[in-house]
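Shown next, in structure tokens, is the structure this report addresses.
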Amino acid sequence: PLPSYDEVLVCTPNTEEEEVELLVRRALFPGSQDQKIYCLLGADRLVYKVSKQLESHFFRLVHSSSIPNYRFIIFCNAKAHNSYVITAFDAYKMTFPCYSKTEIQTYLKMHLKVPSGTDPVAQAFEEPYQQNVKFIFSERAGMGK
């Protein structure tokens, strides 16, 4: 299934330590699995202090957790060589091929269609195609999005 709001954190330089810690706890605490895949997007944008805390929380919880097969993915820009997150998690690094914006859009249009006969939230957007995924960004968290 597509990720839900509690599985993804889109990082910015303003992302706070508490937000990162909450996602790491969700991913690594027993009973929180439910086949979810927890993701940090753009983790290379985290400030140094928050990056250090991410590393600390992650490794502390991995060593104290009884979950052998957690699902936690950190996405970083491969060109962000000065990121502490990239350095801290270098041993776990995997590189993926680069796709163009057009290739990504084509893939998403083909695979993320709303099943016919349903009334999706996507109808709120005035676009010719109905997709299940929309990103909405706000300066204020938790305002019903």
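FYI, the numbering just counts along the sequence from 1.
When ring centroids are compared, Tyr38 and Tyr70 stay outside the 6.0 Å threshold.
Nearest heavy-atom pair across Leu23 and Val8 is CD1-N, 4.2 Å. Residue Ala43 comes nearest to Ser83 through the heavy atom pair O-OG, 4.5 Å, listed as atom of the first residue, atom of the second, then distance. In this structure, Val47 and Pro13 approach most closely via the heavy-atom pair CG1-O, 3.4 Å.
Remark: the backbone N or O of Ala80 is not paired with any side-chain donor or acceptor of Asp44 at under 3.5 angstrom. Here the side chain of Glu7 pairs a donor or acceptor atom with the backbone of Ile37 at under 3.5 angstrom.
Pairs of residues two or more places apart, or lying in two chains, never qualify as salt bridge (Lys or Arg N to Asp or Glu O under 4.0 Å) while including a residue from residues 51-70.
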Practice item. Take His57 and Val20 through the test side-chain contact (heavy atoms from CB on, under 4.5 Å) and record every step on the way to the result. Key: CA-CA 9 Å; His57 293 309; Val20 173; 5.8 Å; no
Practice item. Start with the C-alpha distance between Leu54 and Glu21, add both sets of side-chain angles, then the distance that settles side-chain contact (heavy atoms from CB on, under 4.5 Å), and finish with yes or no. Key: CA-CA 7 Å; Leu54 164 62; Glu21 181 182 3; over 6 Å; no
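With rounding to the nearest 0.5 Å, the separation of CG in Leu46 from CG in Leu40 is 7.0 Å. Here the straight-line distance linking atom CD of Glu16 with atom SG of Cys11 works out to 12.0 Å at 0.5 Å rounding. Between the OH atom in Tyr99 and the CD atom in Gln105 there is a gap of 15.5 Å [rounded to 0.5 Å].
Evaluation of the side-chain contact (heavy atoms from CB on, under 4.5 Å) rule for Thr87 yields no partner, not counting sequence neighbours. Residues that satisfy the side-chain contact (heavy atoms from CB on, under 4.5 Å) test with Thr102, not counting sequence neighbours, are Ser100, Thr106. Residues satisfying the side-chain contact (heavy atoms from CB on, under 4.5 Å) test with Ser56, not counting sequence neighbours, are none. For Lys93, the salt bridge (Lys or Arg N to Asp or Glu O under 4.0 Å) test picks out Asp90, with sequence neighbours left out. Scored by the salt bridge (Lys or Arg N to Asp or Glu O under 4.0 Å) test, Glu17 finds no partners at all (sequence neighbours excluded).
Using a 4.5 Å heavy-atom cutoff, the side chains of Tyr92 and Ile74 are not in contact. No side-chain heavy atom of Leu41 sits under 4.5 Å from any side-chain heavy atom of Leu9.
At a threshold of 4.5 Å between side-chain heavy atoms, the hydrophobic network of Ile, Leu, Val, Met, Phe, Trp and Tyr places Tyr48 and Val24 in two separate groups.
Across Phe75, Phe59, Phe72, Tyr84, a single residue satisfies ring pair (Phe, Tyr, Trp, His ring centres under 6.0 Å) together with Phe89, and that is Phe59.
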